[in-house]
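Input: a single structure, listed below in structure tokens.
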Amino acid sequence: MTGSFVVFEGIEGCGKTTQLQRTCDWLRSRVRGSVVVTREPGGTELGRQLRTVLLEVREGEPIGDRAELLLYAADRAQHVERSIKPQLASGAIVLCDRYTDSTVAYQGYGRQLNRELIDRLNHIATGGLEPDLTLWLDVEPEIGLDRARKRGEANRLEREALDFHRRVRQGYAALAQQYPHRIVRIDGRRSPDEVEKKVQQILTERLSLKLSGLELPPTWMRDTGDNG
Ligand code: TYD
């Protein structure tokens, strides 16, 4: 794989979708190669259909926990094979809204499904493809859910109880401990501009070798002024 694979993670309302878009704009104005934005669930044609099934609030028969897990895995398998791998092979920087850590956090910690099973399924779905870097935007569930609520109608997972979202956050914390070489925690309570600067700083540091086409103004590293 010659490209770079960067994933944004966090609970509802952590700000990752905004940051992903800003990062994309920033990178596009600085790198020569292509920068692609994608997401899970829903990064492919099949995935968009699965996304509707997964997120719509349904009357009647609820989706069982294991069926939910397998649907996310199906979305991911299609996404990796049809979109992420080919893009990376062509040298693109792929920015992805959620990936395998979401399944560990939501289905593993949130739904409390067996972690080993989830790790195995993630491996089957991805063929072992791991992100070069995962940015975890961390906020308390109270703050995140409040932000998400202001955005409009809550989806099926946003409607889960506060305790569920607390467990999801614990899941991310455990993952960050387990994979410190890959996952970087960012304080998501900061202003969008501060978070954006932090993301740019981390990307510059962590991907400097891979992003050799990155053209930064010489004073840029001094301007970020945030090492927290
Ligand atoms: P989305 O609207 O994309 O939420 P957000 O803007 O917070 O990313 O919905 C994705 C939802 O799917 C979100 O609630 C998290 C959930 N999810 C899982 O439970 N497991 C997974 O593996 C993935 C990828 C997402």
Side-chain angles (χ1 to χ4, degrees), residues 5-23 37-44 46-58 62-80 83-84 94-115 117-126 129-131 134-172 175 183 188 192 195:
F5 185 21
V6 179
V7 174
F8 288 69
E9 288 280 1
I11 63 162
E12 326 293 323
C14 68
K16 69 189 157 43
T17 309
T18 307
Q19 292 302 329
L20 201 131
Q21 204 46 61
R22 288 187 183 202
T23 304
V37 170
T38 187
R39 70 171 172 186
E40 291 191 0
T44 60
L46 171 66
R48 281 182 279 284
Q49 293 178 324
L50 293 172
R51 182 181 172 87
T52 306
V53 171
L54 278 161
L55 298 186
E56 73 186 357
V57 178
R58 54 183 61 235
I63 299 180
D65 291 352
R66 273 181 302 161
E68 179 184 88
L69 172 67
L70 291 166
L71 288 168
Y72 280 113
D75 168 73
R76 181 161 306 129
Q78 184 79 353
H79 192 209
V80 168
S83 172
I84 300 176
V94 177
L95 305 177
C96 188
D97 196 334
R98 298 192 180 283
Y99 191 59
T100 48
D101 294 337
S102 278
T103 314
V104 174
Y106 281 80
Q107 279 65 52
Y109 282 76
R111 302 275 188 236
Q112 299 176 305
L113 291 177
N114 181 275
R115 172 72 193 270
L117 169 69
I118 290 172
D119 286 345
R120 274 213 315 273
L121 259 181
N122 272 341
H123 198 269
I124 291 168
T126 62
L129 177 69
E130 285 186 8
T134 302
L135 299 164
W136 167 36
L137 270 54
D138 182 32
V139 292
E140 288 86 356
E142 287 86 347
I143 297 175
L145 289 176
D146 192 50
R147 285 184 191 164
R149 236 170 261 132
K150 286 180 182 141
R151 222 161 43 189
E153 194 79 353
N155 71 33
R156 196 174 60 83
L157 279 103
E158 283 165 1
R159 290 185 179 211
E160 288 294 333
L162 190 58
D163 263 1
F164 174 87
H165 296 282
R166 287 203 176 115
R167 288 199 300 276
V168 173
R169 186 184 183 212
Q170 281 166 11
Y172 281 120
L175 282 161
I183 303 179
V195 174

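Computed over heavy atoms, backbone and side chain alike; hydrogens, waters and symmetry mates excluded. Every number for a ligand or one of its atoms is a count from 1 in the order of the listing.
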Looking at Y99, is its backbone amide N or carbonyl O close enough to the side chain of R76 to form a donor-acceptor pair, meaning the two atoms are under 3.5 Å apart?
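Yes, R76 side chain to Y99 backbone: donor-acceptor pair under 3.5 Å.
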Does the R166 side chain pair with the main chain of A161, one donor and one acceptor, at a distance under 3.5 Å?
no
Pick from [options]: the one approaching [atom] most closely through a non-hydrogen atom:
{"atom": "atom 1 (P) of ligand 1", "options": "R98, R51, E68, R39", "value": "R51"}
{"atom": "atom 16 (C) of ligand 1", "options": "Y72, Y99, Y106", "value": "Y72"}
{"atom": "atom 8 (O) of ligand 1", "options": "E158, R76, R147, K16", "value": "K16"}

Ligand-side contact atoms (ligand 1) for residue partner [X], heavy atom cut-off under 4.0 Å:
{"X": "N155", "answer": "2 (O), 9 (O)"}
{"X": "L157", "answer": "14 (O), 19 (O)"}
{"X": "Q107", "answer": "18 (C), 19 (O), 20 (N), 21 (C), 22 (O)"}

Among Q19, K16, R39, find the residue that satisfies the side chain to side chain donor-acceptor pair (under 3.5 Å) test when tested with D97.
K16
Of all the non-hydrogen atoms in the protein, which one sits nearest to atom 9 (O) of ligand 1, and at what distance?
L55 CD1, 3.4 Å
Could you tell me the residue and atom name of the protein heavy atom closest to atom 13 (C) of ligand 1, and the distance to it rounded to 0.1 Å?
E12 OE2, 3.6 Å
[X] and ligand 1 - part of the residue with a heavy-atom distance under 4.0 Å:
{"X": "T103", "result": "both"}
{"X": "T100", "result": "neither"}
{"X": "I11", "result": "neither"}

Residues Y72 and R98: side-chain donor-acceptor under 3.5 angstrom
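Distance-only check fails for Y72 and R98.
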Measure the spacing between CG of L117 and OG1 of T103 and express it to the nearest 0.5 Å.
11.0 Å
Residue of the set R151, R149, R147 for which salt bridge (charged side-chain N to carboxylate O under 4.0 Å, His left out) holds with E158:
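With E158 as partner, R151, R149, R147 yield a single salt bridge (charged side-chain N to carboxylate O under 4.0 Å, His left out), made by R151.
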Before giving the answer on side-chain contact (heavy atoms from CB on, under 4.5 Å), spell out for F5 and V94 the whole-Å C-alpha distance, their side-chain angles and the decisive distance to 0.1 Å.
CA-CA 5 Å; F5 185 21; V94 177; 4.2 Å; yes
Heavy-atom neighbours of R66 CZ exceed 12 at 6.0 Å
no
Is it the case that ligand 1 has an N or O less than 3.5 angstrom from some N or O of E40?
no
